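Not measured: the values here are computed from a predicted model. In what follows, chains carry the letters A, B, and so on, assigned in the order in which the sequence lines appear, proteins first and then strands, with residues in each chain numbered from 1. The figures here come from the full heavy-atom set of this structure, side chains too, leaving out hydrogens, waters and symmetry mates.
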There are 2 protein chains.
Amino acid sequence: MPRERQEKRMNALNPRRQPIQQRARERTQQILDITARLLEEVGIDDLTTILIAKELGISVGSLYHYFPNKHAIMYALGERWLEEMTIAMNDMESFAVETMTPNQFVDKAINRMLAVYKAQRAVLPLTQALWAIPELRRLDEEHDYLVISKLANIFERLQLKGSRNELERVGRIYLETTHAVLLSVVSQKTVRSKRSLEDLKTMIAALVQSHAPGDSQASKESDQA
Amino acid sequence: MPRERQEKRMNALNPRRQPIQQRARERTQQILDITARLLEEVGIDDLTTILIAKELGISVGSLYHYFPNKHAIMYALGERWLEEMTIAMNDMESFAVETMTPNQFVDKAINRMLAVYKAQRAVLPLTQALWAIPELRRLDEEHDYLVISKLANIFERLQLKGSRNELERVGRIYLETTHAVLLSVVSQKTVRSKRSLEDLKTMIAALVQSHAPGDSQASKESDQA
DNA sequence: CAACAAACCGAATTATTATTCAGTTTATTG
DNA sequence: CAATAAACTGAATAATAATTCGGTTTGTTG
């Protein structure tokens, strides 16, 4: 019963075929690489199929030989991103969380996430596109779900307080904050970049700490009294 | 020497005229209101001039009577946003910062910022558009500059450590974090929303604290030893 | 090397939208 | 109530970009 590739949904967004020839397999990658570079350079609005083709030195016709439409290329880029993130989150889950303090976990986890952001080009326009283009929205949601649920798993192992629902809410705050600040971090020069990364760790550590047992969010409350 | 309106730059993005008749002044506002609503509902990509006109019950021609082009409408929306933010930042600057603890300041400052985000429709698509559309980029930069420099002023008054440059870097982290999390906050229901707001305050408080004199970022370092 | 398929080409087609403009209606004013 | 300007109309135009398709070149295979 050969049905390896049957999980594929959204036919209109998947590559036309699994390329037969070596050359073709390379082309598919080239298209994605060039598209990522152009996305970074010119932004989503000026990213046209003609531009991609020209930059690659092939014709638009050839481009459409590999992808059924423009969104399919973006979709493939989004899948790449999601895969990287999946690996990273699995890495995090395999940390010996139980033997770590929350701060130790945060330190390692943020470093791991930073590596993903550094490796991937065009993170900002890509993630914006995943949100803005209805056909790609599902990928964005999958991404968020992945990160948030894995984080919630880890939060449980760290013995944080609160229901599953609550831990997932904290996961979203973690995600949004980390995403926003890492975008700054990767665009800054070394010294500033390093300091901003420290700031991020400080903030996320405070977030996690505030949900640890034995913390009654005391610092703020007492001030307000 | 009457030259009231001479600060206007970018003729192509400003309204065609200061409307003479009452009706017309209302129209200008209506256009902005409808555009903001549609921006929220359909997103930037499906926001067409025809749609705006139809939704308002006027013709495209009329739309162009008020604004020279589509970007000018977005630009006006961006200006509105920038004005709100300017008022908010001035408010913050007028806090009696010197008599407050950092945490007290953060509490009030975040509340003030939340009010801006709650009052404005379509914050996410609007800010994305300001970033993505070259003609509007200047507004985005003005916005960032406004917030960051005002924050840096306040940080100085709070006696935070570091050069002006460093305080502005911290201002950016403050801005990015607050923006990202407030977008979540305004989209959540009451209970979750309230908790996320608390989380934001916790994180920002930690950020500010870590730059206060007498703090050697001890908590994280000691853990890593 | 013939036959077949994979890759490729790029001009032509299609679709979508912003923008214009020649006129019409509505308000203001002397 | 003319006369003038403000508001308005919507079909026509212009520009841009995605997508198609008939045909060519290149690679593979028996």
Could you check how far [atom1] of [X] sits from [atom2] of [N], rounded to whole Å?
X	N	atom1	atom2	result
A:Glu26	C:dC8	CD	C1'	16 Å
B:Met74	C:dA18	CE	C1'	15 Å
B:Glu135	C:dA18	CD	C1'	13 Å
B:His71	C:dT17	NE2	P	14 Å
A:Lys54	C:dC8	NZ	C1'	19 Å

Item to check | Derivation of the side-chain contact (heavy atoms from CB on, under 4.5 Å) call for A:Val181 and A:Met203 | outcome: CA-CA 10 Å; A:Val181 177; A:Met203 290 192 294; 4.0 Å; yes

Keeping the roles fixed (side chain from [X], backbone from [Y]), state whether a donor-acceptor pair exists under 3.5 Å.
X	Y	result
A:Arg157	A:Glu93	yes
B:Thr177	B:Tyr174	no
A:Thr178	A:Leu175	no

Item to check | Each stem that DNA chain D is part of, given as range with range (3 or more consecutive Watson-Crick or G-U pairs, under 3.5 Å) | outcome: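 In DNA chain D, stems of three or more pairs: C:1-30 with D:1-30.
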
Item to check | B:Glu142 bridged to B:Arg138 by N-O distance under 4.0 Å | outcome: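 No.
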
Checklist entry - When you check the gap from the basic side-chain N to the acidic O, do B:Glu198 and B:Arg195 get nearer than 4.0 Å? => result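 Salt bridge: no.
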
Output a table of nitrogen or oxygen pairs between the protein and nucleotides 16-18 of chain D separated by less than 3.5 Å.
unit_1, atom_1, unit_2, atom_2, d
D:dA18, OP1, A:Lys70, NZ, 2.8
D:dA18, OP2, A:Thr49, N, 3.0
D:dA18, OP2, A:Thr49, OG1, 3.0

Item to check | Heavy atoms of other groups near A:Trp81 CH2, more than 12 under 6.0 Å | outcome: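 More than 12 within 6.0 Å, yes.
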
Checklist entry - Mind checking what makes side-chain hydrogen bond (donor to acceptor under 3.5 Å, both in side chains) contact with B:Glu168, not counting sequence neighbours? => result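 Partners of B:Glu168 by the side-chain hydrogen bond (donor to acceptor under 3.5 Å, both in side chains) criterion, ordered by chain and then number, come out as B:Arg164.
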
Next on the checklist: Suppose we screen for side-chain hydrogen bond (donor to acceptor under 3.5 Å, both in side chains). Which residues come up paired with B:Gln188, at least two apart in sequence or across chains?
Outcome noted: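 Checked B:Gln188 against side-chain hydrogen bond (donor to acceptor under 3.5 Å, both in side chains); matches are B:Ser196.
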
Checklist entry - Between B:Gln30 and B:Arg25, is any side-chain donor less than 3.5 angstrom from a side-chain acceptor? => result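 Per modelled atom types, B:Gln30 and B:Arg25 side chains form no pair under 3.5 Å.
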
Side-chain polar contacts of residues 49-56 of chain A - donor-acceptor pairs under 3.5 angstrom, sequence neighbours left out - could you list them?
unit_1, atom_1, unit_2, atom_2, d
A:Glu55, OE2, A:Arg37, NH2, 3.3

Tabulate protein N/O versus nucleotide N/O from nucleotides 9-14 of chain D, keeping only pairs under 3.5 Å, one per line.
unit_1, atom_1, unit_2, atom_2, d
D:dT9, OP2, B:Ser59, N, 2.7
D:dT9, OP2, B:Ser59, OG, 3.3
D:dT9, OP2, B:Ser62, OG, 3.1

